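Report on the following structure.
Chain A is the first sequence line, chain B the second, and so forth, proteins listed ahead of strands; every chain is numbered from 1. This is a predicted model, so every value here is computed, not measured.
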Amino acid sequence: MPPRLRLSAQRAFISTPSTHVCLRLRRFASSSAATPEIYDVVCVGGGPAGLSLLTGLRNSPVTTGLKIALIEGQDLSKSRLPENASLDSFSNRCSSLTPASVKNLQEIGAWSHASAARIQPYHEMQVWDGLTDARISFDWDSARSMFSPRNLAQSTTIAYMVENLNITTALQNRLAELGGVDTFSSTKVESIELGQDTEELDLSSWPILTLSNGKTLAARLLVGADGANSPVRTFAGIPSRGWDYARNGVVATLKLEGPGRGGPDHKIAYQRFLPTGPIAMLPLPGNMASLVWSTTPERAAKLKSLQPEDFAAMVNAGFRLSATDLEYLHTLSSGQVEEIEWRKQHTTTNEPSLPMTVTAIQPGTVAPFPLKMRHADTYIGERIALVGDAAHTVHPLAGQGLNQGQGDAAALVHTIEEAVKTGQDMGSLLALESYNSARYATNNAMLGAVDKLHKLYAIDSGPMIGLRSLGLRTVDALGPLKAFFMKSAAGGA
Amino acid sequence: MAARKPPLALRALSRPKLSHRCSRRPPTTLSPRSSSTQSAPKSSVDPTEVSHFSNLASSWWDPAGPSRLLHLMNPLRHTFIQRCLSTASQSASPQRLRYLDIGCGGGIFAESAARLPGTASVTAIDPTAEVLKVAEVHRRRDPRLMEPGRLTYVNTSIEELAVPRAEEAYDVVTLFEVLEHVADPAPFLSTILPHVKPGGWLVLSTIARTDVSWFVTNFMAEDVLGIVPKGTHDWRKYVNEGELRKWFAGQGWGTGGAMNVMGVVYVPGLGWREVSGSERWGNYFFGVKREA
């Protein structure tokens with residue numbers, strides 16, 4: 001038995017690579033039939049990171065001469081806000097845009113294309129521990145040191161709550177205004193292969209994309225802005241490592257009893273750390289707010305199955321009741337409204353420090369999605385650059401994912417500009433090195449910090465609870481330290 | 001081995017066989033240097049240098065290979081040329097420039113110059129057939145460089161290149177990391193002059209001949225650290241910036257401040273950086289304008 005096993009294993013081992021080679025050769029032969037159209041930049045993926053990259057390239061006078069293509073598998077017109085969208089209704093996919101991201105969007109001329117009425121700046125964050133109630137509040141006023149006067153020139157905005165659709169709409173509008181991008185919407189990438197070395201040209205280092213519309217494109221630089229399962233990353237053979245958190249993020253759009261405790265001009269974001277993960281409520285315009293509740297997949301499924309009024313009651317309970325109460329409430333299939341009403345009477349809460357009561361859930365907005373952390377080993381390869389989720393996926397508890405993608409796009413625009421100015425081949429590893437070194441360490445630090453925060457707060461017993469409460473109280477008492485954290489969160493440090 | 005970081009300035013080209021470190025006799029003018037390799041009177045090219053660069057051909061375009069420091073320096077060459085073109089530009093410089101790159105090697109600069117939007121054409125020459133082959137092969141990887149007339153490689157020395165009529169000469173003639181490998185710089189530079197169009201620029205880079213540069217490029221980089229292949233540099237061939245200024249002034253070039261210099265230093269972990277004053281003891285760029 002053992003020899004035979006070994007033999008068959010060996011045969012499998014030998015035959016796999018050879019069929020692979022045949023396949024490649026055959027694909028080579030077929031791709032040579034159509035001469036590929038040569039592009040400087042081919043971006044796969046028309047999400048916020050890819051659109052921001054292309055808008056930046058088209059906006060810069062240095063890179064305006066580049067030949068650029070955008071390929072998006074979905075219909076790009078579906079990632080636009082509906083005309084005259086009502087302010088009583090918001091998408092459940094929102095991001096907390098940092099001032100640094102907003103500045104970049106302003107510089108590339110996209111921010112003014114966003115629907116301003118649908119953007120909600122916020123000025124304060126309340127963060128507390130669900131087990132000990134240790135609390136930290138962030139606002140620029142309390143972050144200054146005791147002796148330095150308030151800097152009036154400094155914006156009091158911590159970040160801006162924006163629907164992702166509003167960002168992609170703004171970028172699409174700006175890109176349409178700039179023009180000059182060959183856009184293939186609702187078009188899939190069928191295959192990516194390296195080109196051929198022929199009499200006239202050696203394209204053996206160039207990725208050749210075959211599209212579902214039959215076109216073939218050769219890319220001097222192929223940008224993977226194609227999400228967490230990036231086919232471009234797979235083509236480049238760049239490993240992506242990380243783990244799943246065994247947590248789901250439940251999102252929903254909420255209607256509150258009022259515009260918030262600080263009124264319409266001083267909006268507050270709330271985040272409470274529960275043993276199952278953080279529950280966060282982020283302000284939207286008017287009486288609306290956006291929910292991100294990280295919890296176990298079982299509880300996420302339960303929450304999703306509830307009637308809207310029970311779900312709303314659970315959100316209110318998530319910010320007010322004890323971990324033990326919440327555990328019990330998740331076992332009920334219905335009737336949370338009454339159960340929570342009764343329990344609230346037996347719980348002392350400090351209402352002014354809590355978010356306003358949720359009165360309704362916008363229909364169809366409750367959605368769970370799995371949380372994971374992934375980081376590619378590198379963002380670059382020969383004629384390859386990765387941006388956004390293709391390069392890194394982060395636990396959303398600090399709301400940094402979309403911001404990181406915007407930072408990637410801005411950095412890659414800068415790298416390409418430098419290459420064009422000095423005649424470098426922008427697809428060469430040498431030219432791309434500066435992009436990788438500008439972004440990798442920054443993103444890695446953010447991924448690490450968010451991951452550690454998650455792990456620290458996912459512990460519900462033992463000495464770590466005391467320590468983390470001490471941590472929150474200490475940070476809260478120290479203005480300058482808080483300022484440092486806030487600047488980091490705002491993308492300024 | 002010294003635990004020290006590679007010091008300030010480095011030369012990146014690699015490996016000839018002969019070295020004369022032991023007999024340092026700094027010449028003070030651009031007079032012919034005594035050398036045992038003067039066998040080819042018609043050419044400035046030292047035959048031992050030619051064979052040396054043939055050995056390098058295969059690794060020329062490897063970004064992690066022995067030419068890495070040259071690749072990293074290349075963007076600064078364009079920065080310096082832009083600076084030259086923007087100084088003393090009373091005669092409206094033509095929209096699209098014609099370049100002549102002397103000693104182009106594997107084409108690191110020639111390719112980059114040919115990609116610039118403001119370039120009409122690049123003629124790149126090198127006496128070493130093998131490295132030109134590397135350049136030709138590598139050029140085929142970029143369709144833009146294969147556009148007719150954009151980039152032309154010629155296997156020749158400057159002495160054998162036909163002297164053009166003044167109006168057909170080049171807007172920018174470049175001579176990067178070559179002068180320190182030339183046996184006799186003054187006649188060599190004289191041969192180059194007629195290839196520069198009146199009002200055009202000759203731009204070169206080389207290394208100052210000082211105790212510091214000997215210590216850094218020969219002793220530290222080659223002998224101690226080994227990051228530059230041993231035998232790359234003959235320190236006695238180095239030329240100082242003051243010597244160049246004097247010589248070109250003697251030819252009536254670069255009047256009215258049309259002579260630029262920029263000292264650069266390689267800082268490990270950061271790359272090449274412009275360091276004002278370092279032209280007196282390390283790597284430097286030198287640009288001079290021909291009278292219009």
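- Remark: B/F80 pairs with B/F285 by the ring-ring contact (aromatic ring centres under 6.0 Å, His included) rule, at least two apart or across chains.
- Remark: of the listed residues B/L72, B/N74, B/I108, B/L72 is the sole one forming a side chain to side chain contact (heavy atoms under 4.5 Å, CB included) with A/L430.
- Residues of residues 379-387 of chain A that come within less than 4.5 angstrom of chain B, heavy atom to heavy atom, are A/E382, A/R383 in numerical order.
- When each of B/R139, B/R140, B/H71 is checked for heavy-atom pairs under 4.5 Å with chain A, B/R140 comes out on top.
- Atom CD in B/E111 sits 9.5 Å away from atom OG in A/S428 (nearest 0.5 Å).
- Counting only heavy atoms from C-beta outward, the side chains of B/P75 and A/E418 never approach each other to under 4.5 Å.
- The environment of B/H138 atom NE2 is dense: over 12 non-hydrogen atoms of other residues, nucleotides or ligands sit within 6.0 angstrom.
- With salt bridges taken as basic N to acidic carboxylate O contacts below 4.0 Å, none links A/D425 and B/R144.
- More than 12 heavy atoms of other residues, nucleotides or ligands sit less than 6.0 Å from atom NZ of A/K67.
- A/G423 approaches B/L116 most closely through the heavy-atom pair N-CD2, 3.5 Å.
- Heavy atoms of A/S434 lying under 4.5 Å from chain B are absent altogether.
- For A/I38 against B/P143, the heavy-atom pair with the smallest separation is CD1-CG, 3.4 Å.
- A salt bridge is absent between B/R141 and A/E200: the closest approach of a Lys/Arg side-chain nitrogen to an acidic carboxylate oxygen does not fall below 4.0 angstrom.
- Per-residue heavy-atom pair counts under 4.5 Å with chain B were compared for A/L201, A/L429, A/V420, and the maximum is reached by A/L201.
- Within the model, atoms CZ of B/R77 and OG1 of A/T422 stand 11.5 Å from one another, a figure rounded to the nearest 0.5 Å.
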